[in-house]
Amino acid sequence: MPEDPDDPTKQGTGFTRRGFIATIGTGAVAAATVAHATPGDAAPAAEIPEGAELVRVTLNINGRSHRLLVEPRWSLLFVLRERLGLTATKLGCERGECGTCTVLVDDKPRYSCMMLAVESEGKTIVTLEGLMRGEDLGPVQRAFWEEDAFQCGYCTPGQIMAVEGLLRANPSPTLDEVRTGVSGNLCRCGAYAHIFKAGLRAAELKKQEGGRS
Amino acid sequence: MTPDDRYYITDVPPETPEPADQPAPWTTTTVVGKRLPRIDGYERVSGAAVYTADVVLPDMLYAAVLRCPHAHATVKKIDTARAEKMPGVVAILSDKSPGADIPWFNTRTGPLSRLFDPHCRYEGEEVAAVAAETPYQAWDAVRAIAVEFEVLPFVGAAEDALKPGAAAIHQGGNRSGEVSRYSRGDVDAGFAAADVVVEQTYSTACEIHAPTETHASVAKWDGNRLVVWDSTQGVYPIQSGLVQLLKLPSSSVRVIGNYMGGGFGAKLGISKHTVIAALLAKMTARPVKLHLTREESFLAVGNRPPDTMTLKAGVKKDGTLTALQMTVLGTGGAYPGGGVGGVDWVVRDLYTCPNVKTELTDVFINAGQARAFRAPGHPQGAWALEQMMDQLAEKIGIDPVELRVKNAPTVSQGTTGTPPYTSTGLTACLEEGAKRFGWREARKRASGDGPIRRGVGVAAGLWRGGSGGPPATIIVKLFADGSANLNMGASDIGTGTKTIMSMVVSEELGVPLEKIQVEWADTATTQYATASGGSKTVPTESPAARAAAIDVKQQLITMAAAQLKVTPEELILTNGEVVSTADPSKKVAITGVAALRARGLIVGVGYRGPNPEGKVITPFGAHFAEVEVNTRTGEVRVVRFLAAQDSGRAMNELTYENQTQGGITMGLGLALTEGRILDRNQTGKMVNRNWHDYKIPTAMDVPAEQTVLPIDLHDYQANTAAAKGLGEPSTIPAAPAVANAIYHACGVRTPDTPVNPTRLVALLAASKKRG
């Protein structure tokens, strides 16, 4: 197999980009270190908060006002799921990569893992639960069901919220606009082709119902 | 450990009783095979579906795991004093904790490791765990535990594992098992008889399963009884694992699966985090949730092993294959994980070839252990073999589809005794797929002379599993009002299992789908099922569901016969009524059967009978890809894709299409974007341990046009539902189809995955084909 200098998986053992730390490598002398073991980071941990003060916030979620005490570092996602029991919004990566925690903040799709609860105050937050009309599904939800736009269903709440946000801004999207609209939402099962169909179908259903969610 | 030890008496495969009689094939169907949305779609799109990660129990604690930050190290000392005093911390569990001395990775010569083994053989191996009031506090405490590690030399690649002086990962060295060898015929004679011989080395990078819901467990004790919610592909294997490790009777361990957010093989058996959650819940006498982080899912709960494969092939000018020889080096990481398992099966079985020889070497390296990943070994082997078939076709000047059709087999040559397949749809997949794709025209179209070149490619595949088989038990209850309940232990991992089994019951009983309630994936309340994996769930469970429904029907007809004063033999169940075929005026609606109303409900039990002897049940597929290659940047855009699959009967065209598109998408990831990168030289640590740096296909990376063509062969030799597995065969040919399309577009062979722009632009430059 040819050596590929750009790919670390293919480098021979003789190749070292950073020779000065090569002593940790294969065949090196063992060294004892003390590390505060943050997974994947051998550096000492940053200062650890010794009991944070709780802060009072009022959150407007799905048309209801919730008064809560939160730690300043709590994400909106954590508060939704673990404090309010609104578990339709899923946790996938907690680092703004997968979109499974997507909610609408003032009508725009946002990753709720990337927002603190304290900064969500004064905003209008809609989660998947907020698209329901009582026990009835909204048009985007129905489109996802009809088109079979999911497999395991775990990314689905985020996909639906991404499409809902897209349609609030652009009621008649093209295929490419739907594709871009859900491009921040990963689906490991690979149901994208059906998700595209569902996005287009949702636009139709929504128009038939006068643009309601 | 073997996940299902308790249910597998030594060397005796588990069985369920054969159904009383084998039902006749369905002549026509009104429900099975139709394009129907899922019965649990409402739950999944409304947010009502509760996944394990969503479980919130009163007084619940949150756990976090301290993992080894080094590729290879020994824990010298753990100091938890500071962490113990931190706010919200309730318990800390480590190797010295009572009850934590649990063996792990049992082998014939004893366990290779234990729950918190001080000898950490990969980055991410478990060192300690914390339970706290919030996950934030649990992670604070993890960071505050001071661990003294002795960092050891490491092995960061399979190629380094057997070198003299390589660090020993286990006593006895770095070989994982014996070298696996297979041979038939005489390859030397085969190569001598060939007109053309080609040899090439290919490699596939390590892939991470990365299900959207990471592994998660919630554990709760009621006295000596343990209840565990687990994101799993099989509740019974998890129960079995807990029963063995915690030394409890089966009746004391309830595992609830219900909704789960993807597995792809990474959630087939027990994992350490589940045991950790159970131990912390016991220590604290409170429920504990342990939901792994994305980073942990990249490091510690499975992967598709990387394989380097050298393939030598001989062919005559007329397209007859004369010999295939393959050597493989792979690694399942730091523990036995099947680093090479299944890699040579396509070479042994996909094409008619009298002379075949394979040799597979599996080694240990300091990395997380592999787990079954969607068709273990097969996508790797197909990546090599299916590019080789294109290379041979080009050398002898024959169309790649034609070369494959010419060598399509009718018997399983890789199986002892070369038994016939129950059905072989390979030729149909290739020919009907090519026709629908417009292969001949597309193949002739010029690739363009600008920097953007177009090309099309084909690849085929088969999956060794996909037969299904016993054991499986399903219960169907028919209520007096004509509605029904379906009770099965199998998990629906996103493939539509619940929907398909309901369709089978609906077909037999005429009960509409909306009147069927499903109970599933709970060891306390549902019947025994093996894990949903190996593409065997539909062929395993469908016959059991059918048998259960027939059992109900026979009881119902017996009741109706007494009421109508006719013989049961003349009665049939149709449109919700039991009707006499001799005198159609003699009939009674299900709701009018007095004995049923008197009893309340009928319980029918269905078992999965054995598979036919002397036959091999194998799904096949052929994939066609069209790509655009930017010869300046090395970017590849997949423009359209077609997958033709022979998985027996297509049980539900809608979910069949969806699952196959998922297989295509995962194959695109293997071909173009995915690969674990270990810092092989300096630290051995994984460099791309998140979704930003480890790239799975996004909505921007897949073609909107993904045509799925079911080759709908009803295989009643296989089972009474006439279906074979689909999930894994639908991903096997995808990656090499893309590679062959890239070659057709720009004339550059891409032996190593992922074919990312960096790699492709280098290959284009080296062959002077850069635009």
Side-chain angles (χ1 to χ4, degrees), chain A residues 1 6 8-9 11 16 18 21-22 24-28 30-40 42 45 48 51 73 82 85 87-88 91-93 97-98 100 128-129 132 137 141 144-146 148 150-157 175 179 182-183 186 188-194 196, chain B residues 37 41 44-47 49 51 53-54 56 66-67 69 87 136 140 143-144 146-154 160 165 201 203 205 210-213 261-262 294-295 493-494 654-655 658 661-662 665-666 675 677 679-683 689-692 696 698-700 702 704 706 758-759:
Chain A
M1 189 185 348
D6 293 318
T9 61
Q11 288 163 9
T16 56
R18 293 175 293 165
I21 54 167
I24 305 172
T26 310
T33 62
V34 177
H36 294 278
T38 304
I48 292 152
R73 61 175 172 169
E82 309 290 341
T87 57
L91 185 158
C93 67
E97 290 169 349
C98 73
T100 193
L128 183 68
E129 290 94 339
M132 299 292 289
L137 302 172
Q141 292 166 302
F144 269 70
W145 188 3
E146 279 176 22
D148 202 40
F150 52 85
Q151 287 177 38
C152 78
Y154 196 80
C155 75
T156 310
L175 170 64
R179 184 197 286 270
V182 297
S183 62
L186 300 179
R188 186 51 158 166
C189 298
Y192 295 120
H194 281 197
F196 302 158
Chain B
R44 294 192 198 256
V45 302
S46 67
Y51 295 72
D54 300 334
V56 180
L66 191 164
R67 294 174 184 274
Y136 293 91
D140 287 345
R143 282 185 280 268
V147 184
E148 187 181 315
F149 289 102
E150 181 184 357
V151 179
L152 303 171
F154 65 87
D160 298 340
T201 297
S203 75
T212 324
E213 182 192 32
R294 183 53 54 191
E295 180 170 292
I493 61 175
L654 185 62
T655 54
N658 194 351
Q661 290 170 339
T665 303
M666 206 163 247
I677 300 172
D679 180 19
R680 177 173 169 182
N681 294 304
Q682 277 99 18
T683 65
R689 58 186 67 211
N690 56 65
W691 266 333
H692 181 82
I696 69 169
T698 73
M700 308 303 279
V702 299
Q706 298 178 41
T758 313
R759 179 170 273 144

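Computed over heavy atoms, backbone and side chain alike; hydrogens, waters and symmetry mates excluded. Letters A, B, ... mirror the listed sequences (proteins, then strands); counts begin at 1.
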4.5 Å side-chain heavy-atom contact, A:His194 and B:Leu654: yes
Which bit of B:Ala53 comes within less than 4.5 Å of chain A, counting heavy atoms only: side chain, backbone, both or neither? both
Smallest heavy-atom separation, A:Leu128 atom then B:Ser46 atom, equals CD2-C, 3.6 Å
Taking all non-hydrogen atoms of both residues, which atom of B:Thr698 and which atom of A:Tyr192 are closest, and how far apart? CA-OH, 3.4 Å
Separation between SG of A:Cys98 and CG of B:Asn690, rounded to the nearest 0.5 Å: 11.5 Å
Applying salt bridge (charged side-chain N to carboxylate O under 4.0 Å, His left out), name anything that partners B:Arg294, two or more places apart in sequence or on another chain. none
Closest heavy-atom pair and its distance - B:Ala699, A:Ser183: CB-CA, 4.1 Å
Going through the distances and angles, do A:Asp148 and B:Arg44 end up as a salt bridge (Lys or Arg N to Asp or Glu O under 4.0 Å)? CA-CA 10 Å; A:Asp148 202 40; B:Arg44 294 192 198 256; over 6 Å; no
Looking at B:Thr665 and A:Gly190, what are the two nearest heavy atoms and their distance? OG1-O, 3.6 Å
Could you pull out all residues at least two apart from A:Glu146 that satisfy salt bridge (charged side-chain N to carboxylate O under 4.0 Å, His left out)? A:Arg201
Please report the closest heavy-atom contact between A:Cys152 and B:Gly262, naming both atoms and the distance. CB-N, 3.5 Å
Please classify the contact of B:Gln706 with chain A as side chain, backbone, both or neither, using a heavy-atom distance under 4.5 Å. side chain
Write down the atom of B:Trp691, the atom of A:Cys93, and the distance for their closest heavy-atom approach. CE3-CB, 4.2 Å
Based on non-hydrogen pairs under 4.5 Å, which of A:Gln141, A:Glu97, A:Glu129 is most in contact with chain B? A:Glu97
Decide yes or no for B:Val702 and A:Phe196: does some side-chain heavy atom of the first lie under 4.5 Å from some side-chain heavy atom of the second? yes
